[in-house]
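Right, one structure below, let's go through it.
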Amino acid sequence: MAFLQFPPSCFRTTSVPTFSMPIRASSLPSLPTTHTLNTDFRVKSLNWVFSGALALTLSVTGVGLADAKVGVNKPELLPREFTAVIDVAGFLSDGQEKRLAQEISDIEKDTGFKLRVLAQNYPDTPGLAIKDFWQVDDRTIVFVADPTFGNILNFNVGATVDLDIPRSFWSRLAGKYGNMFYWKEKGEDASIEAAVMAISKCLREPVGPNNCSEVK
């Protein structure tokens with residue numbers, strides 16, 4: 001399996017305060033691990049890698065970075081002009097892409113957070129090239145839609161986003177709209193659209209102890 005590797009400063013989560021670590025769905029096949037946060041997430045290191053299909057980390061005492069494969073980097077798969085939605089898998093119609101791009105533009109204008117969507121079938125992915133293309137920073141949510149490992153919804157969130165959005169939201173979102181039964185019945189496009197709208201509603205909620213407590 002090939003991996004993307006971004007600098008640790010790009011993203012973090014709050015469940016392990018000193019770690020830089022991505023958020024991902026629970027569909028990763030069994031891998032050696034020494035730490036378990038809950039049934040939805042596995043920790044595998046301080047240095048995190050973002051695969052073409054999903055995000056995970058390598059543990060300090062488990063699998064080391066030397067075991068990670070060379071990162072996928074295919075800038076030729078990127079569009080010529082900037083867009084917040086890149087669909088190299090053909091899951092979305094032109095109309096759907098335009099609607100999602102408009103919703104994402106509105107989210108950024110209203111909240112200051114940047115949502116970016118990559119739809120792919122690993123290993124057909126631009127991979128590491130999306131980092132510079134999207135200028136990924138700590139206010140960015142990278143949403144990778146890839147059915148390769150079962151759950152189609154995978155997320156990496158920037159540190160600033162993580163301060164406002166509870167981590168449990170992402171696992172519940174993946175569980176509701178990303179599970180195999182949902183996207184196989186309704187289609188990959190339906191999962192992607194539902195996830196974007198749920199993220200939009202969450203980001204617009206006032207920050208507080210109960211924000212984003214429901215996946216809508």
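Since the model is a prediction, treat every value here as computed from it, not as a measurement. Any value given below was found using the heavy atoms of this structure, including those in side chains, with hydrogens, waters and symmetry copies removed. Numbering of residues begins at 1 and proceeds along the displayed sequence.
The minimum heavy-atom distance linking Arg204 with Asp110 is given by the pair NH1-OD2, 2.5 Å. Smallest separation of non-hydrogen atoms from Phe91 and Ala119: CD1-CB, 3.8 Å. Scanning both residues, Ala198 and Leu173, for their nearest heavy atoms gives CB-CD1, 3.7 Å. Of all the heavy atoms in Asp124 and Leu77, the pair that sits closest is C-CD1, 4.1 Å.
Remark: the backbone N or O of Leu92 is paired with a side-chain donor or acceptor of Asp87 at under 3.5 angstrom. Between the side chain of Arg139 and the main chain of Val161, no donor-acceptor pair closer than 3.5 Å is present. In terms of modelled atom types and a separation under 3.5 Å, the side chain of Ser191 and the main chain of Tyr177 share a donor-acceptor contact. Although no hydrogens or angles enter the test, the distance criterion places a donor-acceptor pair under 3.5 Å between the side chain of Asn179 and the main chain of Gly175. Counting only distance, with no hydrogens or angles, the side chain of Asn73 and the backbone of Ala129 share a donor-acceptor pair below 3.5 Å. The main-chain N or O of Ile107 is found under 3.5 Å from a side-chain atom of Thr111 such that the two form a donor-acceptor pair. Between the side chain of Asp146 and the backbone N or O of Tyr122, at least one donor-acceptor pair lies under 3.5 Å. Under the 3.5 Å distance criterion, the side-chain polar atoms of Trp170 are left unmatched by any main-chain donor or acceptor of Asn154. A side-chain donor-acceptor contact under 3.5 Å links Arg172 to the backbone of Cys212. A donor-acceptor contact shorter than 3.5 Å links the side chain of Trp134 to the backbone of Thr83.
One finds the CG atom of Asp138 at 9.0 Å from the NZ atom of Lys114 (value rounded to the nearest 0.5 Å). In this structure, the separation between CD on Glu97 and CD on Gln102 is 14.0 Å, given to the nearest 0.5 Å. Rounding to the nearest 0.5 angstrom, the gap separating the CZ atom in Arg99 from the OG atom in Ser93 is 6.0 Å.
Put simply, the side chain of Asn211 does not reach to within 4.5 Å of the side chain of Pro206, judged on heavy atoms. Two residues are said to be in side-chain contact when any heavy atoms from C-beta on lie closer than 4.5 Å; Ile130 and Arg116 fail this criterion. A heavy-atom distance below 4.5 Å is found between the side chains of Phe169 and Ile199. Put simply, the side chain of Tyr182 does not reach to within 4.5 Å of the side chain of Ile152, judged on heavy atoms. Here the side chains of Phe133 and Pro75 are not in contact, with every heavy-atom distance at 4.5 Å or above. Under the 4.5 Å side-chain criterion, counting only non-hydrogen atoms from C-beta, Pro126 is in contact with Leu118.
A salt bridge between Glu214 and Lys201 is absent, with no side-chain N of the basic residue lying under 4.0 Å from a carboxylate O of the acidic one. A salt bridge links Lys216 to Glu205: at least one charged side-chain nitrogen sits closer than 4.0 Å to a carboxylate oxygen.
Note on Phe181 and Leu153: separate hydrophobic clusters, where clusters join Ile, Leu, Val, Met, Phe, Trp and Tyr whose side-chain heavy atoms are under 4.5 Å apart, directly or indirectly. Linking ILVMFWY residues whenever their side-chain heavy atoms come closer than 4.5 Å, directly or via other members, leaves Val207 and Phe113 in distinct clusters. Grouping the Ile, Leu, Val, Met, Phe, Trp and Tyr side chains by contacts below 4.5 angstrom, directly or via other members, places Met180 with Val215.
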Next on the checklist: side chain to side chain contact (heavy atoms under 4.5 Å, CB included), that's the test. Do Glu108 and Leu115 meet it? Break it down for me.
Outcome noted: CA-CA 7 Å; Glu108 188 167 351; Leu115 175 62; over 6 Å; no
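For the side-chain contact (heavy atoms from CB on, under 4.5 Å) criterion with Ile141, the lone passing option out of Val157, Val117, Ile165, Val136 is Val157.
Side-chain N/O atoms of Thr140 and Asp137 include a donor and acceptor closer than 3.5 Å.
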